[in-house]
Amino acid sequence: MDESMNRLRGLYAEHGPALLRYLRRLTGQAESAEDLLQETFVQALKGLERLDAALSPKAWLFAIARHLGINARQRRRDMLPLAEEMLRPQERPDPRREEVREAIAALPEKQREALQLRLAEGLSYEEIAQALDIPVGTVRSRLHAAVKSLREAMGQE
Amino acid sequence: MNIDPETLERLLTDRALGGLPPDTEALLAVYLADRADARALGERIGEAVVGAKAVLADGEPARVPPFPADVLRARVTARRRWAVVGKITGLAACVLIGVGLHAAWVGGPRPVVEGPGSTTWVHRPDNTDISLRPVVAETQRPGFWSGRQWYERAEQNRSERSQRVIWDSPIRRPRIGAAT
């Protein structure tokens with residue numbers, strides 16, 4: 001038990017901030033995100049034997065967090081989806097940045113999620129594939145489509 | 001030799017996203033060295049990715065609450081406790097089912113039935129009369145699968161004369177007949 005707790009403590013310190021950011025974007029609420037972060041590690045403790053078989057601990061934790069976040073969002077209608085969270089007005093809006101922000105918010109959710117996991121959370125293509133339970137080729141396709149859409153929105157094409 | 005435009009765009013996108021293996025990236029760099037148009041495309045793709053990264057990483061750094069060690073320990077302890085309760089309940093259920101089946105099986109006397117075509121006689125202890133009577137104690141209640149229920153029904157229908165059990169076919173129930 002102590003060994004498991006120490007292992008989880010280390011994972012919490014290393015990946016907790018990224019998981020919390022991800023859950024905040026997924027649910028749109030800071031309080032719910034903290035509860036879900038705690039629940040993520042409760043589930044991780046239950047399935048700690050699967051950690052060794054996972055591609056990476058980070059991807060494994062993100063998969064758990066994603067599952068919990070999606071379930072929570074489906075249960076509660078007052079949670080904002082990621083797109084609306086992205087469209088919250090900023091204090092000092094930069095026109096160029098707002099343009100990109102709107103373009104990202106307009107992306108299909110699957111492409112936006114893949115882009116966030118790659119650019120904001122730093123997961124590799126293989127880790128994203130494990131977290132989303134999809135093939136690596138699908139991850140690559142979603143990212144390519146997302147970048148192409150952003151370029152079109154930014155007037156590059 | 002030129003790479004087709006779609007493949008080139010995918011390679012440049014993967015490079016901008018940091019998803020190219022090192023050897024592939026090195027080969028691409030050699031390819032781009034003397035192709036200005038391809039380099040320009042790569043720069044535009046890079047700008048889009050950098051802009052997206054800046055927006056997605058925007059916001060306050062996440063302040064993570066302390067590691068919930070107490071909560072995790074409590075959940076694990078509760079889970080173990082429920083697992084023990086579940087095992088005990090299952091074991092108790094198996095014991096009760098076994099006791100119930102045993103009670104039903106031994107609830108009444110078993111008729112000594114030799115098979116189809118044979119006749120079964122049950123003697124009273126005083127041998128004064130050969131008749132069909134139950135041989136179990138009166139205080140015992142017939143079990144669910146007991147032959148005693150059948151015996152008692154037969155006893156109710158018993159005539160004054162001696163009777164015998166007639167079972168002349170395996171697909172028919174035994175019947176009470178005259179002792180001839």
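In the text below, chain A, chain B and the rest are named by the order of the sequence lines, each starting its count at 1.
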- [ ] Using non-hydrogen atoms and a 4.5 Å limit, figure out which bit of L19(A) sits close to chain B: side chain, backbone, both or neither.
- [x] neither
Open item on the list: Under the salt bridge (Lys or Arg N to Asp or Glu O under 4.0 Å) definition, can you give me all pairs with a residue in residues 34-43 of chain A, not counting sequence neighbours?
Closed with: E39(A)-R75(B)
TODO: Give, as side chain, backbone, both or neither, the part of L115(A) having an atom under 4.5 angstrom from any heavy atom of chain B.
DONE: both
Open item on the list: If I measure from the heavy atoms of chain A, does V49(B) come under 4.5 Å with its side chain, its backbone, both, or neither?
Closed with: both
Task: Residue, of V100(A), L150(A), L143(A), V42(A), that accumulates the most heavy atom pairs under 4.5 Å with chain B - done: V42(A)
Return a table of donor-acceptor pairs under 3.5 angstrom between the side chains of residues 24-32 of chain B and protein atoms on other chains or two or more places apart.
unit_1, atom_1, unit_2, atom_2, d
Y31(B), OH, I3(B), N, 2.8
Y31(B), OH, R35(B), NE, 3.4

Task: Contacts of residues 117-128 of chain A with chain B (heavy atom under 4.5 Å) - done: R118(A), L119(A), A120(A), Y125(A)
Task: Interatomic distance, R50(A) atom CZ to I64(A) atom CD1 [nearest 0.5 angstrom] - done: 7.0 Å
Task: Non-hydrogen atoms of Q130(A) and A54(A) that approach each other most closely - done: NE2-CB, 3.2 Å
- [ ] With salt bridge (Lys or Arg N to Asp or Glu O under 4.0 Å) as the test, would you mind laying out the steps for E14(A) and K58(A) before giving the verdict?
- [x] CA-CA 9 Å; E14(A) 188 177 356; K58(A) 188 174 186 179; over 6 Å; no
- [ ] Can you measure from CZ (R24(A)) to CZ (R21(A)) and round to the nearest 0.5 angstrom?
- [x] 9.5 Å
- [ ] For R39(B), check salt bridge (charged side-chain N to carboxylate O under 4.0 Å, His left out) against everything at least two apart and list the hits.
- [x] none
Task: Nearest atoms (heavy-atom pairs only) where L107(A) meets R112(A) - done: O-NH1, 2.6 Å
Open item on the list: Please classify the contact between R140(A) and chain B as side chain, backbone, both or neither, with a heavy-atom cut-off of under 4.5 Å.
Closed with: side chain
